[in-house]
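Written below as structure tokens is the structure these notes are about.
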Amino acid sequence: MHYDFAAIEKKWQDRWEVSKPYAAITGDTTRPKFYGLIEFPYPSAAGLHVGHPRPFTAIDIVSRKKRMNGYNVLFPIGYDAFGLPTENFAIKNHIHPAIVTKDNIANFTRQLKMLGYGFDWDRVVDTTDPKYYKWTQWIFLQMYKKGLAYKTTMPINWCTSCKVGLANEEVVEGKCERCGGEVVRKEKSQWMLAITKYADRLIDDLDDLDYIERVKVQQKNWIGRSYGTDATFKTNTGDDVTVYTTRVDTIFGVTYMVISPEHPLLEKWKDQIGNWDEVAEYRLAASRKSDFERGELNKDKTGVRLEGIEIYNPINGKAIPMFVSDYVLMGYGTGIVMGVPGHDQRDWEFATKFGLPIIEVVKGGDITKEAFVLKDDTGIMVNSEFLNGMTVKDAIPAMRDYAVEHGWGKEKVNFKLRDWVFTRQRYWGEPIPLVDCPKCGWVPLDESELPLLLPNVESYEPTDDGESPLAKMTDWVKTTCPKCGGPANRETDTMPNWAGSCWYYLRYMDPHNDTEFVSKEAEEYWGPVDWYNGGMEHTTLHLLYSRFWHKFLYDIGVVHTKEPYAKRTSHGMILGKNPNYIGNVDTEEEKQALIEKYGSMATRPAVKMSKSLGNVVNPDDVIKAYGADTMRLYIMFIGDFEKTAAWSDEAVKGSKRFLDRCFNLQDMVSDEEGISAANMASVHKTIKKVGSDIDELKMNTAIAALMTLVNEFYAKGLSRGDLEVLIQLLSPFVPHMAEEMWENMGFAAKHGKMAMQMSWPEYDESKTIDAQVEMAVQINGKLRGTVIVPTDSDEATVVAAAMEQERVKKATEGMQVVKTILVKNKLVNLIVKPAK
RNA sequence: GCCGGUGUGGUGGAAUGGUAGACACAGGAGACUUAAAAUCUCCCGGUAGCAAUACCGUACCGGUUCGAGUCCGGUCACCGGCACCA
């Protein structure tokens, strides 16, 4: 029988299109629910990338197995379609972004259907659909009403050459991605979301979640919670200054203070600062630096002393100088830090440059060479009066308590996380449903006015004053205030592309609801998502943002769980062959030439796929040449799911070969129904192995187990019953071929259902055990042979069998066995030493 | 610099502290074929040996253990994230 994958795949996709075997049923209480989720794709003009099928296929397989395990499965798909690439494509080609989006979605849908995914196609969402973004706007309004959305002046990236505002991703190494022009900061009033109010909960609630560890760690580091002390210093200016420090124990080592150039106190102290002109010049220079320049590595510390300003150390009243320096950030802590050059490397560099004293307060380093920064908190305090002799660990709380008691200190928790800049000066995004009224200030639209439709504009080009393209649409901008009825202006900025993806998993539960964003019934039934897989690149963006939104929705009582996703896994990237790899050439000269030209890139056999390298693999081509089932199988077999893997055209053939071998089994079966005696143990073992591997996302070893079983069928022959089980095990991986074989063999008729609708085969533990096992024989821990013995043989039997072997005899000749270690059914280790 | 991860044949990769290299790709040999492709069978870490076999071998050094790719201490390399966060 010939495996005509093209015809087979078309046939079954057409049938599924009509019979909808993947439809999820809300409120089916007869079965437990399983909600599997993959990150919905951004429908780019390039179409599906070969990286997409990896996570999609994996969760498709998990979902299919859950379905066979009796679950009511929700496995949905949609499109995250607002965003910059579409807008730029539209500008370049003079096509409306909505049309571009529609075309791209159609192409993605075609490709996804060709891969045979078990998505519930009746629940597709599209973030650019007004019926969808109505509710994105609605959630934003709820946040606004609860005070979580506020307006503030924030710098945007401004290309001095194109004279447009740029998104962060359009700024590459401080330059404009398009023209290479210099990017500076330009102040603009923007909407912010107060994600920092949720910082503690976003960290603490991670503990109860089944996320892979690196996701948790990365989110925790990103939020960056630190425990410290706010310490207040008196000054000769009339104002007190407060610093934040995690090392209040080092306060005896403070030899100067530093204030950030942006700090408002400087302006206030203008008349008291003796060298104001110099300070003002330094501030101006700092403001001109881009974030990139200012953050550049290992750059020299700069600064100016504030003449006439004295700060008094609260611990001993000592007068210390203050400097302004741009190594202190205005956005973290209080914008002022105490300089402890003995125990902070940055302070050490600054003090060394400006000739400031360096005091050792923790023993153990050589502070004339570098700051002594502790790796642990076991260092001993010195030069610190009542702290002397204490460990740092004890000194921190001791000094903190002292400071609190004496009224100049306060316990303080700080976060690195910043509030979320929620506006973009762009066209292709959700309009913000707020109106600016000269009398009433910012006024939200009435919810009945939603959705606030994105108007059609002639040109989506960003304006040359940094405003959104919508600002040019005066008809749309000019409106009336919902509160007082007077003339008012709409907000013309739009939401960032992350907005729509913050809550899409909720919409899938109830995608056609026009009166609520999700019904209570559907949310309580489907929530939370049981398993969410997505890229590591979204860990501190989409994943964190959507957890934040979900917590907000929980707080206002519209969802019933604290967290959106119970489990999170992440897939590795698919790389392409590196055409410039040094392994591709033979001579040393050629290798050197490649390294000179491409640097360390030339030493990698595989690199990120890109058009310029010509190593992009198009899923369409693979499907055409080998079929979707081969594509699915190969992308799962390629390696450890979490690691990056290199695409190999040769290796794809191996997967195809395996499917050919499976298909050919149809011509080899005996008439015997049920699992054959010859294959009993193998079949049961494989059921067990494939099942547990799918649950653990170890698809590569699951497939290896299936290959092993098929190899055994080739060696020993197989019954109809053996094949019946195999087809069911293959079904989640290669659904088209499985159904074709299932039907061919008459199993569809026999059971009255498709293979995918069968229960997952059960294994019998007792039948996974072979009658005999091969055991390793070791002498003093070294392998000296193997023996075949009855399963569960005792020590005496195994040793006796081992002693029969020539190699063992030889190795134990003239020796006495002093100890025997038996690992049941695995090995026996004889510890011998020379006989007396 | 800090945090996380990884290091195994020619290649992708397997191995709850228990026979390292499962399963594949590539390569080699054979069968079938007029021939090729496809298919089927066998071989395939290194060194020595006709072989039986011996020794070496999971980045490197050391330790724990009857036994270490796996655990512990240290070193190196690479990948990813963060980065003047006080």
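These numbers come from the heavy atoms of this one structure, side chains and all, not from hydrogens, waters or symmetry mates. In what follows, chains are A, B, ... by sequence order, proteins preceding strands, each numbered from 1.
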What's the [atom1]-[atom2] distance between [X] and [N], to the nearest Å?
| X | N | atom1 | atom2 | answer |
| --- | --- | --- | --- | --- |
| A:K782 | B:rA20 | NZ | P | 11 Å |
| A:F637 | B:rA24 | CZ | C1' | 4 Å |
| A:M636 | B:rG12 | CE | P | 19 Å |
| A:I251 | B:rA86 | CD1 | P | 16 Å |
| A:Y581 | B:rG10 | OH | C1' | 11 Å |
| A:I212 | B:rU6 | CD1 | P | 12 Å |

Handout entry: Given RNA chain B, 5'-ward residue of the pair A:Y714 and A:E650, judged by closest heavy atom
Key = A:E650
Does [X] make a side-chain N or O approach to OP1 or OP2 of [N] shorter than 4.0 Å?
| X | N | answer |
| --- | --- | --- |
| A:R784 | B:rU19 | no |
| A:Y332 | B:rA86 | yes |
| A:R604 | B:rC79 | yes |
| A:N711 | B:rA24 | yes |
| A:R657 | B:rU39 | yes |

Which base, if any, makes a Watson-Crick or G-U wobble pair with [N], both distances under 3.5 Å?
| N | value |
| --- | --- |
| B:rA68 | none |
| B:rG4 | B:rC79 |
| B:rU39 | B:rA31 |

Minimum-distance nucleotide to [X] side chain [options: [options]]:
| X | options | answer |
| --- | --- | --- |
| A:K301 | B:rC66, B:rU19, B:rC84 | B:rC84 |
| A:V337 | B:rA54, B:rA86, B:rG12 | B:rA86 |
| A:T245 | B:rA86, B:rC82, B:rU19 | B:rA86 |

Problem - Check: A:K653 side chain, B:rC25 base, donor-acceptor under 3.5 Å - result: no
